[in-house]
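Sequence lines set the chain letters: A, B, ... in the order given, protein chains first and strands last, and positions in each chain run from 1. These numbers were taken from a predicted model, which means no experiment stands behind them.
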Amino acid sequence: MAEVTLKGVAKSYGRTPAVREFDLDIADEEFVVFVGPSGCGKSTTLRMIAGLEDITGGEIRIGDRVVNDLPPRDRNISMVFQNYALYPHMTVRENQAFGLRLAGRAKEEIARKVARASGILGLDPYLERRPAALSGGQRQRVAMGRAIVRDPDVFLFDEPLSNLDAKLRGQMRTEIKKLHEKVRTTVIYVTHDQVEAMTLADRIVVMRDGRIEQVGTPEEVYHRPVSDFVASFIGSPPMNLLEGRIVAEGDAPAVALSGGPVLPLGPGHARLPAGASVTLGLRPEAIAPQGMAGPMRRPFAFEADITLVEPLGGEALIFLALGDREMTARVFRPPARLAPARGVQFLVDLAEASVFDGGTGRRLGDDGAN
Amino acid sequence: MRAVTGTALWLVRLLYLAFALFPLLWLLRIALTPDEILYREGTTLWPSRTTLANFAYVIEESPFPVFFANTIVVALGTAAAVTLLAAGIGYAFSRFRFRGKSALMVFLVITQLFPIVMVITPLYQLLAPIGLVDTRIGLILVFTAFNLPFAAFLMHSFYEGIPAELEQAAMIDGCTRFQALVRIVLPLMLPGIGATVGFVFTAAWSELLFSLMLITSESKKTFAVGLLGFVGKSGVDWGQMMAAATLALIPPAIFFTLIQKYLVGGLTAGAVKA
């Protein structure tokens, strides 16, 4: 068990930078998820921590050791790969025991540790099988077993669920979370799936173009995204992003959506200059037709057309046209009569609104004061 | 319908088999035919009488046992040298990024474009001053040089079939790169190594051109060169030549029987999701 510290870590291939100035402190036993679109540098960062990629600059510490120049085997880490990377010529038992045998551990110790890991992961019936005779989920479990037996300081997961079908992915996600409860170890987990990030992480690191875009708890990243990029990446369906212009300053700031209504903003946005171009971010669950809305802190009523309804059982997605733009609303326990209609009264909770700079996309003002 | 296609398929297979095996039958037929009736009986599928005299002559009286020994030494030496080198080259091409890599790979292909005849004279002049003409080691060197590019490509493609993550997992599990290579990659490479060894051994076994030009002593000849010895001024000793050729088929046959289980791929199945 150990903290992991990255200080100014950078990686470039020739002149192409892949990761730049990466600073992060990961606490002991923390579950940190790196999330971002493909090519954002999240896997490269993980592989640098593992020692599978050299770093071009900066410093990586695991515990109190600088590991910059240590080979992977001296870092006391375990890694689970997207394609499992099980040794095909070894049985499940041998796969798990391989690292311990290399380390020259006693036979009884190896047997005990493999038995424990297999017990936790339900691998006992398959110990004598080769990987080829296992299903995808079982292989994934073996890969995790191989990681557990070595009692590493840090677990590294590189998109471990991407090769599984949706149902299995959900199950394994739960298992990984339970596993972390049982085996309290620092975990660094890479995924492009924001649902995995939200459900698993103590802290989420959103990456973009080789840089950290935002670090925060799932709640922070979801409710207070630092940019329109994070806002659109985290959450499904994504946050509605509406272009507009500040039309009133001072005590009663307001934003006029292009081709839509004028919405009053909270006092936290008092310092925004009139005429500034902004992007207004509204989570789908902050919008609902009147009568279906839950309690709202700063409700604002407007009229829009329902163009499409996607019922999902316990909830429904409503697509609405407001002026020339489309928004998505999410309502819970939708009534059966929900159908496309014109001129429907909607409520939006403006206390939930995020305001981003129209040019840079950065978050503006402080809606904590809303 | 399915039965009909099945039968047709078998017929095609049988036809191909007959086509492929007929020369072998003919080889054996001539080797077993007594000299005096070889021409008299004309073209028949099987002679009226057979004899082992030709085989007896080749084994007991001709220098062929020496030729065979020479060929085995040269073919095994070449196979070992090429496989070892190709294993290293293929690994480097498959796993490392380095400057000029793609240019080097193209260069390897280009070496395969030139007709071998072109280089015989320069090669002779190159080897003569350093005393490698008319030696088995010289022959091994030349065969190794000519078989290496293709073998390296072959090995490269087999390495490509083994996910790099397997080695990375092994290195995280505690292996050095070399240990990962030996304990994880090597066992999975056996089909590739088998294929390469088989390919190179066969090529070296039956090579004629270089052996003919570079070997002059009777005691160092390979069997392919030896076969030409049956072509005399007054005619060709067909029976003895075919008996020698038949015997020459035995070592590769044994060899392939030994390595065939490594030629069967599919060992990596299950390592990663396809």
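Look at B:Glu167 and B:Arg95 and you find a salt bridge, because one of the NZ, NE, NH1 or NH2 atoms lies within 4.0 Å of a carboxylate O, short of that distance. The residues A:Arg73 and B:Asp173 are annotated as not salt-bridged, no charged nitrogen and carboxylate oxygen being separated by less than 4.0 angstrom.
The aromatic rings of B:Phe255 and B:Phe201 sit parallel, their planes meeting at an angle under 30°, below the 60° perpendicular limit.
Proximity to chain A is absent for every atom of B:Arg177, based on heavy atoms less than 4.5 angstrom apart. Interface remark: B:Ala164 contributes no atoms to any contact with chain A (heavy atom separation under 4.5 Å). Looking at A:Arg47, the atoms closer than 4.5 Å to chain B (heavy atoms on both sides) all sit in the side chain, from C-beta outward. Both the backbone and the side chain of A:Ile77 come within contact range of chain B, with heavy atoms under 4.5 Å apart.
A donor and an acceptor atom, one from each side chain of A:Glu196 and A:Tyr189, are located under 3.5 Å apart.
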